[in-house]
Amino acid sequence: MPPFGSGLLVLTAPLGALPRRAAAALAAAAGVVAGPLYVHLQPGLRLASPAPRPAAPPACPALLRALAALYAVAEAQRGLDLRVLLGPGHRLARPPRVLLATVAEAPGPAGPVQLGLQHLAAAAYGCPPRLPALLLGGPEDGGGDPEEDPEDPDAALPDFSDVAVGGTFDRLHGAHRLLLSACCLLARRRLLAGVADGDLLRHKVLMELIEPYELRAAKLREFLEDVKPSLRYDIVPLADPYGPSVTDPDLQCLVVSEETRRGGEAVNKKRLENGLPELALYEILLMKDPDHSQHEEEKISSSSLRQRLLGTLLQPPRQDPALPSRPYVIGLTGGTGSGKTSIAKLLGHLGAFLIDADKLGHAVYVPGGPAYERVVAAFGAEILNEDGTINRKVLGAKVFGNQERLKSLTDIVWPEMAQMVKEQIREADAQGKAVCVLDAAVLLEAGWQDMVHEVWTAIIPEEEAVKRVMARDGLSEEAARSRLQSQMTNSQRVEQSQVVLCTLWETDVTRKQVEKAWDLLQQRLSQERSL
């Protein structure tokens, strides 16, 4: 883990040189800073000069290209929280714990460049005067770059009093940060940021993993107020594709990307219908993701980031002293059609001891089984087949849609199943198995979390689940949808899960997810054993 929780990196190279120099500078800084890395751009500044004065570079195309390069490089440094500051004179949300600059040769510990860094940080951002100041290897501080073409001194970005932008803004990534920074450069007074919510999220890839609106809005505000605090920021939820952009008379510009330009044109059509002037559409190029996989988008996107969360630990495992540490029990759950069973089989191939709760459910109902007599007494002889076995379809029809009857049944059956699960866990221990997987659709509904160390959930979009259930069980679309809607939702399951998996794509993609989850689990178990 890098030693400092936040840092301020001062870059004094010409703006035109930053696209080539960004990779080395940010890679070095990422090895020092674990949290937010603030970047102060001041081309040509001599840090070694007495009391260097902070100033912001002008809003010009070269600055926008430099920002694009910095955020693209930061995206390759997975987890680097980069914030390029567009104006000094304010305290930062997470004050820097270390000051950084790139120089060719590092002078002594109290050299003039370090002192210049400390003076600059104190004057611009109110940092304590004696923060640690480290010099990273790289091009000489403030040096020229003769091979770069000089920027046209008259080149400037357009400016507008009030600017608007919209998006999901889930897990702010480099493309978001570039888009928002462009908005900040274009706006003189106010930025209106619409954040998609509600029905606008329904068809997003892995929408269950999208952060709550309140969290997305808070992260957005913190970034914007760090980057350019002189602007007013109105952050609002979007329940439809337009929001206030079609009713706010003060707006002058809408910032779009290549793929959202048509949405911007639709906004202007609505504004004209509402008697308002059209907005200038300022287009930002999409940022390519060189590391995207086959099923991820080519651009840097939140959906790709959410896909990379599959198989990872989303929240800490349960800490229950009453739960034996061995075998380590994974509770695997998911709605009908989610692919949970195929995931369980893959985990079995990797070495897990499998407990199939559905098979245990059948066992409790057989004549002589632990729940047989009480179920017959509660629901009558009409649920029996001619041979005396319980007809589960008839029983199911009696309780489906009737919460009181369903609870009467589960109050009988689930405790008996839980006892059988515990017996199976003891059997896994006797066989020397380190990991046991409880494959249980009703894991959360039955409250069996107290029997497992981690909950893993398989999810699938509802429309895909409907198709699978129709094909598998021969149901009509209405019946399949009704069955799904009677169950716990994906979002409810994800909220209570440590690990999420998705079987939307080809079998090989699912297998890689499961292997990733298994490998990370082995790492966690290894760390626990070493403590």
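Just so it is clear, the model here is predicted, and its values are computed rather than measured. Numbers here simply count residues along the sequence, with the first being 1.
For the side-chain hydrogen bond (donor to acceptor under 3.5 Å, both in side chains) condition, the pairs that include at least one residue of residues 236-250, sequence neighbours left out, are Arg190-Asp248. Listed by first and then second residue, the ring pair (Phe, Tyr, Trp, His ring centres under 6.0 Å) pairs involving residues 169-219 are Phe169-His176, His173-His176 (not counting sequence neighbours).
Contacts of Glu75 classified as salt bridge (Lys or Arg N to Asp or Glu O under 4.0 Å), with partners at least two apart in sequence or in another chain: none. Applying the side chain to side chain contact (heavy atoms under 4.5 Å, CB included) test to Arg97 and every residue at least two apart in sequence or in another chain returns Phe4, Ser6. Residues satisfying the salt bridge (Lys or Arg N to Asp or Glu O under 4.0 Å) criterion with Glu258, sequence neighbours excluded, are absent altogether. Residues satisfying the side chain to side chain contact (heavy atoms under 4.5 Å, CB included) criterion with Arg468, sequence neighbours excluded, are Ile460, Glu464, Thr503. Scanning for ring pair (Phe, Tyr, Trp, His ring centres under 6.0 Å) contacts around Tyr71 gives an empty result, with sequence neighbours left out. With sequence neighbours left out, Glu225 forms a side-chain hydrogen bond (donor to acceptor under 3.5 Å, both in side chains) with Arg221. Pro317 pairs by the side chain to side chain contact (heavy atoms under 4.5 Å, CB included) definition with Leu313, Tyr328, Glu454, not counting sequence neighbours. For the side chain to side chain contact (heavy atoms under 4.5 Å, CB included) test, residues two or more places apart in sequence or in another chain that qualify with Thr168 are Asp170, Ala196, Leu201, Lys204, Ile210, Arg216. In this view, Arg511 and Asp508, Glu515 satisfy the side-chain hydrogen bond (donor to acceptor under 3.5 Å, both in side chains) rule, not counting sequence neighbours. By the ring pair (Phe, Tyr, Trp, His ring centres under 6.0 Å) test, His40 pairs with Tyr125, sequence neighbours left out.
When all heavy atoms of Ala182 and Ile284 are compared, the pair lying nearest together is CB-CD1, 3.4 Å. Closest of all the heavy-atom pairs between Gln513 and Leu310 is NE2-CD1, 3.7 Å. Leu37 and Leu9 get closest at one heavy-atom pair: CD1-CB, 4.0 Å.
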Criterion side-chain hydrogen bond (donor to acceptor under 3.5 Å, both in side chains) on Thr489 and Ser491, from CA distance to verdict: CA-CA 5 Å; Thr489 67; Ser491 295; 4.9 Å; no
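With rounding to the nearest 0.5 Å, the separation of CG in Leu131 from CG in Leu8 is 9.0 Å. Note that the CG atom of Leu85 and the SG atom of Cys184 stand 11.0 Å from one another [nearest 0.5 Å].
A salt bridge links Arg83 with Glu222: at least one charged nitrogen is closer than 4.0 Å to a carboxylate oxygen. For Asp519 and Lys512, the salt-bridge test fails: no basic side-chain N is under 4.0 Å from an acidic carboxylate O.
Counting only distance, with no hydrogens or angles, the side chain of Arg171 and the backbone of Arg306 share no donor-acceptor pair below 3.5 Å.
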